[in-house]
Each structure stands twice: as structure tokens, then as C-alpha cells.
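The structure under discussion appears below in the form of C-alpha cells.
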Amino acid sequence: MLENIDKTYVLNTYARNYVNFKKGINATLFDENNNDYIDFTSGIGVVSVGHGNQRVADAIYDQVKNITHISNLYLIEPQALLAQKLQEQSGYDVAMFFANSGAEANEGAIKIARKYGETKFNNKKYKVITLAHSFHGRTITTVKATGQEKMHTPNFAPYPEGFSYDLYLKDIYTSVDDQTVAVMIELVQGEGGVQPLDKEEVQKLAKFLKEKEILLIIDEVQTGCYRTGEFLASNLYDIQPDIITLAKGVGGGVPMGVVMTTLKDIFVPGDHGSTFGGNYLVTRAALEVVSILDEYKTSGALDEAIIYFGNKLNDLYEQNTHLFTKEVGLGLMRGLRVKDEETLGKIIKASFEEKVLVLKAGKNTMRLLPPLTISKEEIDEGFKRLSNALKTI
Ligand SMILES: *Cc1c(COP(=O)(O)O)cnc(C)c1O
């Protein structure tokens with residue numbers, strides 16, 4: 001049985017649900033018995049253009065029947081074209097590096113900041129400040145960059161030095177010192193509970209950091225690539241970050257991390273690299289994903305989906321104020337705060353039984369990250385199932 005094979009041969013790091021999905025069409029998944037599920041998770045914000053996307057599948061097939069990988073020692077046409085496209089979409093004067101995941105993109109961002117701090121000032125600057133409820137990844141460095149104390153278990157110690165955490169943006173003004181090189185934040189904290197930061201506070205902090213010559217790193221691994229309705233949440237917040245990282249949605253399911261920066265002269269050959277990063281397969285796929293989303297935004301379809309989804313979510317919230325305390329989030333990165341953690345567990349279980357997939361974030365947030373291409377029919381059906389699930393609580 002597959003479940004036993006998985007349990008025998010795959011390390012036990014995830015609390016897995018043993019459903020076996022065989023097929024996907026946009027925001028609908030089918031298991032081995034052909035039961036259909038509405039997917040409000042998109043593989044944790046990854047499958048931005050939906051499951052089984054024909055255009056992405058065609059682009060990948062067209063690419064891999066020719067070249068899948070040749071290494072970064074040679075020009076990679078779709079990598080260059082993707083970089084150009086991402087720069088244009090961002091509206092910022094940036095160049096970029098391609099990695100394979102969000103954590104790796106953040107590692108790259110920290111390396112750029114550290115080298116900047118080492119080479120551009122008379123005194124060494126290396127400290128990075130992040131927020132207490134942040135999430136920045138699972139490598140030894142990014143787990144330490146992550147503010148949540150429970151992640152800094154002694155099991156993996158010692159960690160790299162130079163990271164500290166503030167609960168609120170307003171605390172950062174007093175915790176910077178002359179060794180602080182960067183502040184790294186998510187504009188909408190994802191894993192921390194779908195919590196958007198206040199726009200004016202972010203703008204004020206960005207201005208302060210610029211004056212102090214401290215870099216602003218925006219972790220857009222979850223918020224990037226139209227998740228909040230604009231290409232970047234940084235666009236929505238109208239700020240000019242020094243470094244931005246992307247991952248989850250940019251590849252539509254192929255593994256990709258991106259570090260974009262205005263500091264184009266910090267890295268020189270030998271400073272950083274990746275065997276797989278930005279290879280033909282992933283960049284050709286991402287080029288198609290970004291084109292689809294760009295068309296979707298331009299046609300007005302994305303904004304329509306966001307409004308439609310938001311109205312349905314609001315109805316669900318209004319009808320269930322005995323379970324929920326607050327609506328949170330932006331764009332198609334949404335959540336409902338549940339009155340307690342135990343009830344949230346029950347809601348996620350009941351939703352699965354009604355065949356609609358939802359996520360947990362933080363302690364008590366039900367998180368919804370549907371594919372950005374989700375149809376109105378799928379939104380209607382998903383909320384109908386969610387509403388039925390809540391009746392059983
Ligand atoms: C998911 C996530 C990461 C980590 O990305 P991986 O691809 O799992 O390494 C980092 N930062 C944020 C904001 C994320 O949501």
C-alpha cells in the first residue's frame with residue numbers, strides 16, 4: 001500500500017494526509033476514486049495558474065524535448081528573457097539571480113546584504129533585523145532569520161550570528177545600530193497568520209532605512225507574482241526596496257527562487273551560484289506562467305476574481321461569527337481568524353471531508369490561497385462546501 005511505502009522510505013517531516021490525487025484541472029483536484037476537491041491552497045501558493053495548465057505543459061514539453069539543462073556556464077535564453085520580463089513587471093531598476101526555493105532566495109538576499117555591509121562602509125555591518133512572527137525558510141540561516149522563537153530549537157544549534165527580532169515595525173527604529181546592514185520583512189506575513197502590515201508604517205520605515213543606509217529586503221516568496229493583486233506587494237505598498245525575493249507562485253509548480261536587487265554590482269563571479277538555478281526547464285515554464293498572469297491582470301480577470309472571492313469570504317465570515325473573529329489578508333492571500341486553535345483543527349478536518357482544501361497559518365488562522373486563475377464556479381462550489389463543513393462544527 002502506498003501509505004506504508006511512503007512511511008517506510010520517506011522521512012517523517014510532514015503531518016501528511018494520505019489522499020492520492022491523480023489529476024488536476026485549474027482549482028479542482030481528483031483523487032484515485034475520482035472524487036473532486038476544490039483547492040483553496042494551490043499547493044501553498046505555488047500553482048498560481050492552476051493545476052494541469054495546458055500552456056505551461058506545452059511550454060515545458062517544447063523545452064525539455066530540446067534542452068532541459070546545460071549549467072550556468074553558458075547563456076540560457078529563457079533565463080535572460082525571464083529576468084527581463086520580471087524586471088519589467090516589477091517596475092524597479094533591478095537585476096536578478098535564480099535559485100531553487102524561497103529559503104535559497106533569502107540566503108542569496110542575506111549574502112548580498114552581508115557583502116554590501118562588508119565592502120561599502122568603513123566599519124563592518126552584518127546584522128539583520130526581522131519581525132517576531134516572520135517566516136523566511138528552513139535552512140540553518142533562514143530558520144535563524146525567521147522570527148518565531150519555536151523555530152530556533154537547540155537541536156540545530158549553533159546558528160549563524162547577527163539576527164534579531166522585533167515584534168512591531170515601530171520597534172525597529174530603536175533596535176538598529178551602526179552594525180545593522182538590513183531589515184527583512186514580509187508585507188503580508190504568510191505563515192505568521194496572513195497579517196498585512198500597515199502601508200503608512202512601512203513607507204515611513206522604508207524612508208528611515210534609506211536615510212540610515214540600511215537595506216530593506218522584502219520577502220515576497222508568498223506575496224509575489226500577483227498574489228496580492230499587483231505583481232509585487234511592494235508595488236501595492238508603493239515602496240522602493242533594495243532586495244526582493246520571490247519563489248512560490250513564480251514557477252507555477254516548478255521549483256524556483258529569485259533574488260532581485262537594485263545593488264547590481266555587489267556580486268562578482270565566484271560570490272554565489274547554483275547548479276540548477278534558472279535552468280531551461282524552470283525558466284521556460286516560469287516565462288509562460290508570468291505571461292499568463294500578466295494577461296490575466298491586464299484583462300481585468302484577476303481583479304474580478306479577487307472581488308468575487310472576497311465577497312464570498314465576507315458572506316462566510318458574516319454567517320459564522322460564532323467561529324471567526326476577524327477577516328485578514330489581501331488579494332487572493334486571505335484568511336479568517338478562528339476563535340481558538342482547536343476549532344481551527346476541526347474546521348480543516350471537516351472541510352477536507354466536504355472536499356474543499358484549506359490551510360492553517362499561525363496558531364489560529366484559516367488561510368486561503370487559491371490558484372489566481374480560479375473560476376467563479378469553483379469559488380461558488382468551494383464556499384458552498386466550506387459553509388457545509390462549518391455547519392458540522
Ligand atoms: C514559503 C516561504 C519561504 C520558504 O520558501 P521555501 O521554498 O519553502 O524554501 C520563505 N519566505 C516566505 C515568506 C514564505 O512564505
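Remember, it's a predicted structure, so these values are computed and weren't measured experimentally. Remember, it's 1-based here, ligands and their atoms both numbered in the order they're listed.
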Side chains of Gln87 and Ser90: donor-acceptor distance under 3.5 Å anywhere? no
As an exercise, identify every atom of ligand 1 less than 4.0 angstrom from a heavy atom of Asn106. 10 (C), 11 (N)
Below 3.5 Å, N or O to N or O, backbone or side chain included: is there any such pair between Glu104 and ligand 1? no
Consider every N or O of Asp219 and every N or O of ligand 1, then say whether any pair is closer than 3.5 Å. yes
Ignoring angles and geometry beyond distance, decide whether Gly102 reaches within less than 3.5 Å of ligand 1 through its nitrogen or oxygen atoms. yes
Distance only, no hydrogens: is a donor on one side chain within 3.5 Å (strictly under) of an acceptor on the other, for Thr262 and Asp93? no
So, is Val221 polar-close to ligand 1, with some N/O to N/O distance under 3.5 Å? no
Looking just at side-chain N and O atoms, do Glu378 and Ser375 make a donor-acceptor pair shorter than 3.5 Å? yes
Please report whether the ring centroid of His272 lies less than 6.0 Å from that of Phe97. yes
Transitive ILVMFWY cluster of Leu75, excluding itself - 4.5 Å side-chain cut-off: none
Short question: side chain of Asn320, backbone of Leu316 - any donor-acceptor pair under 3.5 Å? yes
Atoms in ligand 1 with a heavy atom of Ser101 nearer than 4.0 Å: 7 (O), 9 (O)
Less than 3.5 Å between some nitrogen or oxygen of Gln222 and one of ligand 1, yes or no? yes
Using distance alone, decide if ligand 1 has a nitrogen or oxygen within less than 3.5 Å of any nitrogen or oxygen in Ala247. no
Give a yes or no on whether His152 atom NE2 has more than 12 heavy-atom contacts from other residues, nucleotides or ligands under 6.0 Å away. yes
Of all the atoms in ligand 1, which lie at a distance below 4.0 Å from a heavy atom belonging to Glu186? 13 (C)
More than 12 heavy atoms from other groups under 6.0 Å of NZ on Lys210: yes
I need the atoms of ligand 1 closer than 4.0 Å to a non-hydrogen atom of Ala103, numbered in the order shown. 4 (C), 5 (O), 6 (P), 9 (O)
Got a protein heavy atom sitting under 4.0 Å from atom 8 (O) of ligand 1? no
Among His136, Lys248, Glu191, which one puts a heavy atom closest to atom 14 (C) of ligand 1? Lys248
